[in-house]
Protein chains: 2
Amino acid sequence: MNDMNDKAEAVSKYLKGIASPHRLLLLCSMAEGEKSVTELMEATGLAQSSASQHLAKLREEGAVSYRREHRTLYYSISSKLTQDIMALLYQEFCQNKENINV
Amino acid sequence: MNDMNDKAEAVSKYLKGIASPHRLLLLCSMAEGEKSVTELMEATGLAQSSASQHLAKLREEGAVSYRREHRTLYYSISSKLTQDIMALLYQEFCQNKENINV
DNA sequence: TTATAATATTAGATTTTTCTAATATCAAGT
DNA sequence: ACTTGATATTAGAAAAATCTAATATTATAA
């Protein structure tokens, strides 16, 4: 019974992990392919510290991962769930001209 | 360009709208079929005021709607997007024993 | 028309999130 | 060993979310 509460907590943590305008923009940018932190900063207009903190949160929730190449870290979406959700959201908010059924 | 920002805002608002443990439990309960507010309170253990406020937020985001029957309001999930997302989350957090790919 | 059951709204305190500024780390290149 | 470029972490202030308690609304039944 409080198994359900635990699951709700976990799901909530994950959803809140991606549910900020800035983190969504980061994910959107990464949806095009892996991006360095600097590229992500430019694409989203975020300050360095802010970008880094948002990426940390996305990492914590397992939504993204990175690979190092020299001094540069390349981030990308690493979870199927996140890809699926981003696809649904994109379809709903970015393609559906009249926002019925939101 | 700030079209993207506007969309990110809208998506964020929607996601935050469903991303609280209590609201997820409410949605989970409604996934079984429409429920009265009292039934939802019992199912989730929420206080009356709290349940009502959470339902208001879900309404605002268009995730749920209700129908009145006498004094009782019956709530249900009204958006395809919300149903799809709930299905993905259920699959990921409630069926996948080993939480790979979160 | 008044009492009551079912639900909504408001107010205020508490907690959580998010930003900026400052500082730290870490891996090259010199 | 130093310096520098790329990124991370910490601290603290400001903004947003959430709970409880109190009050209001609304539809029915007496």
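Remember, predicted model here, so these are calculated numbers, not experimental data. Here is how names work: the chains are called A, B, and so on, in the same order as the sequence lines, proteins then strands, and each is numbered from 1.
The side-chain heavy atoms of A:Leu25 and A:His54, taken from C-beta on, include no pair separated by under 4.5 Å. When side chains are defined from C-beta on, B:Leu24 counts as touching B:Met86, because their heavy atoms get closer than 4.5 Å. The shortest distance between side-chain heavy atoms of B:Leu81 and A:Phe93 falls below 4.5 Å. Side-chain contact check for B:Leu55 versus B:Leu73: every heavy-atom pair is 4.5 Å or farther apart.
Atom C1' of nucleotide D:dA8 and atom CG of A:Leu58 are separated by 15 Å, given to the nearest angstrom. When the P atom of D:dT18 is taken as reference, atom CD1 of B:Ile18 falls 13 Å away, rounded to whole Å. Atom NZ of B:Lys13 and atom P of D:dA15 are 19 Å apart (whole Å). Distance B:Glu9 CD to C:dT17 C1': 14 Å, rounded to the nearest Å. D:dG5 atom P lies 17 Å from atom CG of A:Leu73, rounded to whole Å. Distance B:Leu25 CG to D:dT18 P: 13 Å, rounded to the nearest Å. A straight line from CD of A:Glu60 to C1' of C:dT17 spans 13 Å, rounded to a whole angstrom. Rounded to an integer number of Å, the gap from CG of A:Leu55 to P of C:dT18 is 14 Å.
With D:dT9, D:dT7, C:dT18 as the choices, the nucleotide that has an atom nearest any side-chain atom of B:Lys16 turns out to be C:dT18.
Partners of B:Ser52 by side-chain contact (heavy atoms from CB on, under 4.5 Å), not counting sequence neighbours, listed by chain and number: B:Gln48.
Mapped onto DNA chain C by nearest heavy atom, A:Ser50 and B:Glu39 fall at different nucleotides, with B:Glu39 at the one closer to the 5' end.
Under 4.0 angstrom from either OP1 or OP2 of C:dT18 there lies at least one side-chain N or O belonging to A:Arg23. For the pair B:His22 and D:dA17, the criterion of a side-chain N or O lying under 4.0 Å from OP1 or OP2 is not met. Residue A:Lys57 has a polar side-chain atom (N or O) positioned under 4.0 Å from OP1 or OP2 of C:dT18.
Between the side chains of A:Tyr66 and A:Arg59, no donor N or O sits under 3.5 Å from an acceptor N or O. Looking only at atom types and distance, the side chain of B:Ser49 has a donor-acceptor partner in the side chain of B:Gln53 under 3.5 Å away.
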* Structure fact -> 5' to 3', nucleotides 22-30 of chain D under a 4.0 Å protein heavy-atom cut-off (B base, S sugar-phosphate only, - none) gives B----BBS-

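Residue contacts shown for B:Ser52 include a base, since a base heavy atom lies under 4.0 Å away. Residue contacts shown for B:Tyr75 are limited to sugar-phosphate atoms, with no base heavy atom under 4.0 Å away.
Looking at A:Gln53, its side chain has no donor and acceptor atom pair within 3.5 Å of the base of C:dT17.
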